[in-house]
Asks: 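A single structure is presented below for examination.
This structure is a prediction, so every number in the text was calculated from the model and none was measured.
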Amino acid sequence: MDGDADGALDYDGKGDGGSEAVKVICLGDSAVGKSKLLERFLLDNFKPQTISTYALTLYRYSAKVKDTDVVVDFWDTAGQEMFQSMHPSYYHQAHACIMVFDATRKITYKNLERWYKELRQYRPHIPVFCAVNKIDANMEVTQQRFAFPDKNGVPLYYVSASNGMNVVKLFRDAIEAAWKYKKDPADETDQIFQELQRL
């Protein structure tokens with residue numbers, strides 16, 4: 001991946017070998033299963049290249065979207081969500097977000113509003129997907145409607161990292177949405193940056 005002067009990845013540029021590069025972030029309380037969902041998706045397809053740092057884990061994935069090679073970096077927290085806030089760099093240049101809550105813990109659902117508010121401070125327009133995880137432990141949750149996704153126009157996925165239910169669909173939809181967003185960003189800062197890149 002291309003980097004800037006500080007060695008950070010530049011997701012507004014091209015990825016390895018000239019392919020498109022997109023960044024998908026995961027948000028939600030600790031222990032809702034964000035990492036497990038990522039591992040389920042990635043390990044069912046291939047062995048991921050994992051890059052660990054003190055603050056996050058990057059999972060790199062090669063995808064094809066509408067005949068375009070896309071390098072996807074999934075950003076996963078390394079526990080800093082316990083502080084109920086993420087560093088602004090976590091959101092920087094993100095093209096899509098997957099928000100996760102736990103079907104067995106109501107507080108993780110209630111906290112989605114706080115996560116969503118913080119996300120929108122930094123990325124007002126990126127596509128967001130909401131996943132209720134661990135439905136294998138509480139199948140009744142699949143019969144419930146949730147106000148948060150309805151109110152915010154966010155698609156809801158009933159998923160299980162344990163048995164893999166709907167996990168592939170969730171991540172494939174997020175990848176395609178991230179790619180489309182990068183092609184036609186709604187954030188003014190993204191549009192300005194892309195215009196500068198063309199000069």
Asks: Between the side chains of Asp102 and Lys134, is the shortest nitrogen-to-carboxylate-oxygen separation below 4.0 Å, so that they form an ion pair?
Replies: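 So Lys134 pairs with Asp102 through a salt bridge.
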Asks: Of all the heavy-atom pairs spanning Tyr91 and Lys23, show the shortest one and how long it is.
Replies: C-NZ, 4.0 Å
Asks: For Cys26, does its backbone N or O pair with a side-chain atom of Tyr90 as donor and acceptor, under 3.5 Å?
Replies: yes
Asks: Taking the six-membered ring for Trp and the full ring for Phe, Tyr or His, determine whether the centres of Tyr59 and Phe74 are under 6.0 Å apart.
Replies: no
Asks: Measure the shortest side-chain to side-chain distance between Lys66 and Trp179 over non-hydrogen atoms and say whether it is less than 4.5 angstrom.
Replies: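 Counting from C-beta outward, Lys66 and Trp179 do come under 4.5 Å.
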Asks: With heavy-atom distances below 4.5 Å as the criterion, would you say the side chains of Leu58 and Trp75 are in contact?
Replies: yes
Asks: Go through Gln144 and Leu156 one step at a time and tell me if the side chain to side chain contact (heavy atoms under 4.5 Å, CB included) criterion holds.
Replies: CA-CA 11 Å; Gln144 295 180 28; Leu156 178 66; over 6 Å; no
Asks: What's the separation between atom NZ in Lys36 and atom OG in Ser162, rounded to the nearest 0.5 Å?
Replies: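 Output value for this atom pair is 10.0 Å.
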Asks: Would you say the rings of Phe171 and Tyr61 are close, in the sense that their centroids are separated by under 6.0 Å?
Replies: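 No, too far apart.
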Asks: Within this structure, what is the CG-CG distance for the pair Asn166 and Leu37, rounded to the nearest 0.5 Å?
Replies: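 Reported to 0.5 Å precision, the distance equals 11.0 Å.
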Asks: Determine the minimum heavy-atom distance between Val159 and Ala131, stating which atoms define it.
Replies: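 That would be CG2-CB, 3.9 Å.
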Asks: Which value, rounded to the nearest 0.5 Å, describes the distance between Met99 atom CE and Tyr109 atom OH?
Replies: 11.0 Å
Asks: On a heavy-atom basis, which atom in Ala63 and which in Ile175 lie closest, and how many Å separate them?
Replies: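 Taking every non-hydrogen atom into account, CB-CG2, 4.2 Å.
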Asks: List the steps and the verdict of side chain to side chain contact (heavy atoms under 4.5 Å, CB included) for Asn133 and Val100.
Replies: CA-CA 7 Å; Asn133 189 28; Val100 183; 3.9 Å; yes
Asks: For Val167, does its backbone N or O pair with a side-chain atom of Arg40 as donor and acceptor, under 3.5 Å?
Replies: no
Asks: Can you tell me how far apart CG (Asp76) and CG (Leu27) are? Round to the nearest 0.5 Å.
Replies: 10.0 Å
Asks: Side-chain contact test, heavy atoms from C-beta onward, threshold under 4.5 Å: evaluate it for Asp150 versus Arg145 and give yes or no.
Replies: yes
Asks: Donor-acceptor pair, Lys34 side chain versus Gly28 backbone, under 3.5 Å?
Replies: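 Yes, Lys34 side chain to Gly28 backbone: donor-acceptor pair under 3.5 Å.
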Asks: Taking the side chain as everything from C-beta on, heavy atoms only, tell me whether Val128 gets closer than 4.5 Å to Asn152.
Replies: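 Answer no - side chains too far apart.
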Asks: Any luck finding a side-chain donor-acceptor pair between Asn111 and Asp29 under 3.5 Å?
Replies: yes
Asks: Closest heavy-atom contact between Cys130 and Phe101?
Replies: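 Smallest heavy-atom distance, with atoms named: SG-CE2, 3.8 Å.
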Asks: Would you say Arg120's side chain and Ile126's backbone share a donor-acceptor pair under 3.5 angstrom?
Replies: yes
Asks: Do Phe148 and Tyr116 have ring centres separated by under 6.0 Å?
Replies: yes
Asks: Is the number of heavy atoms from other residues, nucleotides or ligands under 6.0 Å of Gln121 CD greater than 12?
Replies: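 Above 12, so yes.
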Asks: Using atom types as modelled and distance alone, determine if a side-chain donor or acceptor of Arg105 lies under 3.5 Å from a backbone N or O of Ala31.
Replies: yes
Asks: Is the shortest heavy-atom distance from the side chain of Asp136 to the side chain of Met165 under 4.5 Å?
Replies: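 No, too far: nothing below the 4.5 Å cut-off.
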Asks: Which heavy atom of Ala177 sits nearest to which heavy atom of Phe129, and what is that distance?
Replies: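 In terms of heavy atoms, the two residues are closest at CB-CZ, 3.5 Å.
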Asks: Is the count of non-hydrogen atoms from other residues, nucleotides or ligands lying under 6.0 Å from Lys106 atom NZ greater than 12?
Replies: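 No.
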Asks: Any heavy-atom pair between the side chains of Val70 and Lys64 that's under 4.5 Å?
Replies: no
Asks: Over all heavy atoms of both residues, which pair between Val22 and Lys182 is shortest? Give the atoms and the distance, please.
Replies: CG1-CD, 4.1 Å
Asks: Between Thr104 and Asn138, does a side chain to side chain donor-acceptor pair (under 3.5 Å) hold up when you go through it step by step?
Replies: CA-CA 7 Å; Thr104 67; Asn138 180 17; over 6 Å; no
Asks: Output the distance between atom CZ (Arg123) and atom CD1 (Ile25), rounded to the nearest 0.5 Å.
Replies: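 Answer for the CZ-CD1 pair, Arg123 versus Ile25, is 8.5 Å.
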Asks: Can you find a pair of side-chain heavy atoms, one from Leu170 and one from Phe41, that are under 4.5 Å apart?
Replies: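 They are not in contact (no side-chain heavy atoms under 4.5 Å apart), so the answer is no.
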Asks: Who are the salt bridge (charged side-chain N to carboxylate O under 4.0 Å, His left out) partners of Lys151, not counting sequence neighbours?
Replies: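 For Lys151, the residues satisfying salt bridge (charged side-chain N to carboxylate O under 4.0 Å, His left out) (neighbours in sequence not counted) are Glu113.
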Asks: Please examine the side chains of Thr142 and Ile135, heavy atoms only from C-beta on, and report whether any two atoms are closer than 4.5 Å.
Replies: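 Side-chain contact under 4.5 Å: yes.
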Asks: Does the side chain to side chain contact (heavy atoms under 4.5 Å, CB included) test come out yes or no for Trp115 and Met86, once each step is laid out?
Replies: CA-CA 9 Å; Trp115 289 116; Met86 301 298 296; 3.6 Å; yes
